[in-house]
Student: 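Following this message is one structure expressed as structure tokens.
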Amino acid sequence: MLQAALEGLKVIDLTHYVAGPCCTKMLADYGADVIKVERPGVGDGARRLGPFPDDQKDPERSALFLHLNANKRGMTLDLKKPEGAEVLKRMVKEADILVESFQPRVMPSLGLGYEVLDAINPQLVMVSVSNFGQTGPYRDYRGSEIVDYALGGSYYTGGLPDREPVKLGGTVVSYLAGFHSAGATVVAVLGSSVRGYGDHVDVSIMETQAGSPDRRTPMIMGYQFTGDLVHRGEVNRPPVRPCGDGYMNIQAGIRNIKAVADMLEMPELLDDPRFTDEVEAQKPENLEEMEAIVLGWLLEHTMSEAWATAQKFQIASGPIYTVADILADRHYQERGFWEEIDHPAAGRLRYTGRPFRAPGEPSRPRRPAPLLGEHTDEVLKEFGYDAKAIAGLRQKRVL
């Protein structure tokens, strides 16, 4: 099964917020045993970010945390205490992968730098996800989603040409970096199995933006040939039109008049020189007339009706979905994309499915995101700690 492709791999997850947890979520979803290590009493900062069910703030009910940490086991460990660092070293001996998303100076300052961990387990793959990477002049700078987006080049192109640049909301930068990190991790593990020793993977979120196929790479390549900058406002406006219950993206106009006439059941359009003569068809008044005809038809149909009809006549089109539309869409439902998971604090919620799978493969049930420290005892026992030793660590507030 593809969903069990990484089964047998043990992952220590020292990440927080979005980019790192997105990486380890991918590993967990495909079978790896991911142990999320959080700070005692505090946990991942994502626990304090919403939205929350019923808008009631609760570190066990954060939608962001629940989404990014499903299928993982969770434990608490204070890495700033020598005893906590020793526990981690003991875990590293039996781990295949360690993923961390601290600033580059943090792991070495804790006595847990790559050289130390490599000496403990030479086959360990350590993945470090940071804003600017482990080297370079910006290494120790503070960063964020918006900073990395700006330095990656795309920020400059957003917004109106006579105003300052703007960025769309959300954390797409961090998610993209997480997916890059997951891919890099799997490549490093494959390399480790061939070479017989591990590696330190350095993921710079800034560089995942500069090298992104979403405008950045073509933009950078094009600039070297032409010297032209991509300015704000230089966008192709999609053919978006309202319909009976929302909006449609539909390429229906004079350029494909035969298909449009068939879709509208208006054969008379093909005898009208305003729409068939090459010169007449480009006149603004005739373009506006065609727009009015198409718009009138759309307003009489729902998104699904208009889409089905347009597709019948091979007119490129599609509805512009809200979140509610996505959840209700029959295609997602029939393919079994959604998965419902019960969480002891947040209840039963619908989660997005794994992004790829083998044809006909049944979905493996996922465990809910862990409560803070939920599996601490369970994990430590697996690494050789008995009840007395665990109690001693608790007494010292290491767990």
Student: Would you kindly say whether Asn69 and Lys25 are connected by a side-chain donor-acceptor distance under 3.5 Å?
Tutor: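 Note: Asn69 and Lys25 side chains miss the donor-acceptor criterion.
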Student: Relative to Phe52, does Lys57 satisfy both conditions: NZ or CZ under 6.0 angstrom from the six-membered ring centre, and within 45 degrees of the ring's axis?
Tutor: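 The answer is no; the distance or angle limit is not met.
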Student: Can you find a side-chain donor-acceptor pair between Glu145 and Ser174 that sits under 3.5 Å?
Tutor: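 Looking only at side-chain atoms, Ser174 and Glu145 do form a donor-acceptor pair, the distance falling under 3.5 Å.
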Student: Mind listing the closest non-hydrogen atom pair of Ala28 and Ala70 along with its distance?
Tutor: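 Where Ala28 meets Ala70 most closely, the heavy atoms are CB-O, 4.5 Å.
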Student: Out of Arg350, Arg366, Arg364, which one pairs with Glu339 under the side chain to side chain donor-acceptor pair (under 3.5 Å) rule?
Tutor: Arg366
Student: Could you verify whether a donor N or O on one side chain and an acceptor N or O on the other, from Asp44 and Tyr17, lie under 3.5 Å apart?
Tutor: no
Student: Regarding Thr24 and Lys72, is there a side-chain donor-to-acceptor distance under 3.5 Å anywhere?
Tutor: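 A donor-acceptor contact under 3.5 Å links the two side chains.
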Student: Which class fits the ring pair Phe102 and His16: parallel under 30°, tilted 30 to 60°, perpendicular over 60°?
Tutor: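 It falls in the tilted class, 30° to 60°.
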Student: Within the structure provided, determine whether Leu112 and Leu117 are in side-chain contact (heavy-atom separation under 4.5 Å).
Tutor: yes
Student: Taking the side chain as C-beta and beyond, is there a heavy-atom pair between Met75 and Met91 under 4.5 Å?
Tutor: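 Answer yes - side chains close enough.
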Student: Can Ser128 and His200 be said to form a side-chain hydrogen bond (donor to acceptor under 3.5 Å, both in side chains), step by step?
Tutor: CA-CA 7 Å; Ser128 296; His200 188 192; 2.8 Å; yes
Student: Lys81 and side-chain contact (heavy atoms from CB on, under 4.5 Å): which partner among Leu393, Val87, Leu110, Val398?
Tutor: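 Only one of Leu393, Val87, Leu110, Val398 forms a side-chain contact (heavy atoms from CB on, under 4.5 Å) with Lys81, namely Val398.
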Student: Can you list the steps and then say if Thr76 with Glu38 is a side-chain hydrogen bond (donor to acceptor under 3.5 Å, both in side chains)?
Tutor: CA-CA 5 Å; Thr76 53; Glu38 299 181 77; over 6 Å; no
